[in-house]
Amino acid sequence: MSIELKSPREIQALRSAGKMAAETLMLVGQRLRAGMTTDEIDKLVHEDTVRRGARPAPLHYKGFPKSVCTSVNHVVCHGIPGSYALRDGDIVNVDVTTVAEGMHGDTSATFYVGSPSADAKRVTEAARRALEVGMSVVKDGARIGDIGAAIQEYIDGLGQGLGIVRDYCGHGTGRKFHEEPSVAHYRQGREEKNARIRMKAGMVFTVEPMINLGTHEVDVLADRWTVVTLDKKLSAQFEHTLLVTRTGYEILTMRDGVLRGSEGVPGVNA
Ligand code: MF3
Ligand code: CO
Ligand code: CO
């Protein structure tokens, strides 16, 4: 097993890819509204990515048919854009991955369509905070397992019975979409070798906790992509791509503004 340390040149390319993904995600936030179909989000992401001279990583990745993942309400991740029209009260995670200069930038956010229910807000804000908590322990010398331990401590501490998805994890990224290491968002046992791996400056990986209102258990639909909660309760997720540094981390998918329709900023639909 080997986790690549990125060269300064590769890091520059990762910065451009990450910035593009972040900007495309912000554009989605500006355009999102009730009545919009998830296919329209796909078209927006595809066109914006291509306009930047980049490529949407999801398209044809292991047979995935679209350029972005759109995961509505009880869909945990890998939702396939289609004819579904977003409705007032829905939450939707939009997961953008851009390939630029041969490198990947992977980022997602959950948006509120119109006015969220109390449950929708609870699970979305917990997921937003879970990402921050997970990122906060990232630093040269820390262990990969520290991320999941911190997130689990936070989610359990809420005492709301929220579930942390275990079947899907964060991941290294670079020239390939998914590289080592695997980054679990829950506390792993001492025997988990992966959790004991030390972070090193120059590693690049994502943190992308999926938080469920109920059980952590999931199911995959017959389309072999769409991941749903087993109890059909809501799920939310936020994702950033991080570069480990000597003193902490750099968010390669940092936004230079707030997300409309999320982060407490009403969208045009709200
Ligand atoms: N962007 C997802 C992630 O965070 C992966 C999507 S794979 C796809 O890892 F094929 F569904 F696009
Ligand atoms: Co990812
Ligand atoms: Co992603």
Side-chain angles (χ1 to χ4, degrees), residues 3 14 17-26 28-29 38-39 41-46 49 54-72 75-82 92-100 103-111 127-128 130-131 134-135 138 144 147-148 151 164-185 194 203-211 218-228 235-244 249 251-255 259 262:
I3 301 172
L14 282 155
K19 189 169 199 301
M20 286 187 199
E23 287 176 358
T24 301
L25 189 64
M26 293 209 349
V28 170
T38 50
D39 258 341
I41 299 174
D42 180 65
K43 187 162 185 273
L44 181 63
V45 168
H46 186 92
T49 304
R55 175 171 76 79
L59 189 59
H60 305 144
Y61 176 75
K62 296 186 177 175
F64 192 80
K66 301 281 175 153
S67 298
V68 66
C69 296
T70 53
S71 303
V72 181
V75 178
V76 172
C77 63
H78 303 169
I80 304 172
V92 58
N93 173 276
V94 178
D95 192 339
V96 174
T97 312
T98 302
V99 191
M103 303 301 261
H104 289 71
D106 191 7
T107 186
S108 87
T110 297
F111 296 93
R128 191 195 315 280
L131 170 57
M135 292 194 302
V138 172
I144 291 291
I147 296 170
I151 294 172
I164 305 172
V165 172
R166 305 170 77 95
D167 291 6
Y168 298 87
C169 295
H171 50 89
T173 195
R175 222 160 278 288
K176 288 193 294 179
F177 199 158
H178 294 110
E179 302 182 352
E180 290 170 8
S182 172
V183 179
H185 304 108
N194 193 73
M203 281 184 188
V204 172
F205 55 76
T206 71
V207 180
E208 50 180 300
M210 286 144 269
I211 305 299
V218 301
D219 198 8
V220 181
L221 299 189
D223 62 21
R224 300 180 70 202
W225 280 108
T226 311
V227 180
V228 297
S235 182
Q237 178 182 28
F238 289 83
E239 172 177 26
H240 271 311
T241 302
L242 306 182
L243 166 69
V244 180
Y249 59 93
I251 301 180
L252 296 171
T253 46
M254 191 64 189
R255 296 180 283 273
L259 278 180
S262 202

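We count ligands from 1, going down the list as the structure has it; atoms in each ligand are counted the same way.
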key: Side-chain donor/acceptor of His185 to backbone N/O of Glu208, under 3.5 Å   = yes
Kindly print each ligand 1 N/O atom paired with any protein N/O atom under 3.5 angstrom away, one pair per line, or none if nothing qualifies.
unit_1	atom_1	unit_2	atom_2	d
ligand 1	1 (N)	Asp95	OD1	3.2
ligand 1	1 (N)	Asp95	OD2	3.1
ligand 1	1 (N)	Thr97	OG1	3.4
ligand 1	1 (N)	Asp106	OD1	3.3
ligand 1	4 (O)	Asp95	OD2	3.2
ligand 1	4 (O)	Asp106	OD2	3.1
ligand 1	4 (O)	Glu208	OE1	2.8
ligand 1	4 (O)	Glu208	OE2	3.3
ligand 1	4 (O)	Glu239	OE1	3.0
ligand 1	4 (O)	Glu239	OE2	3.1
ligand 1	9 (O)	His171	NE2	3.0
ligand 1	9 (O)	His178	NE2	2.8

Donor-acceptor pair between [X] and [Y] side chains, under 3.5 angstrom:
X: Thr110; Y: Arg128; result: no
X: His240; Y: Thr253; result: yes
X: Asp95; Y: His78; result: no
X: Asp106; Y: Thr97; result: yes
X: Asn93; Y: Ser108; result: yes

task = Quick one: list whatever passes side-chain contact (heavy atoms from CB on, under 4.5 Å) with Thr226, sequence neighbours left out.
result = Val75, Ile80, Leu221, Asp223, Val228
query = Parallel, tilted or perpendicular for Phe177 and Tyr61, by the 30°/60° rule?
reply = tilted
task = Go through the structure and list residues passing ring-ring contact (aromatic ring centres under 6.0 Å, His included) with His46, not counting sequence neighbours.
result = none
message = With 2.8 Å as the threshold, which protein atoms of type N, O or S lie near the Co ion (ligand 2)? Leave waters out.
response =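 Per the 2.8 Å query on the Co ion (ligand 2), atoms found are Asp106 OD2, His171 NE2, Glu208 OE2, Glu239 OE2.
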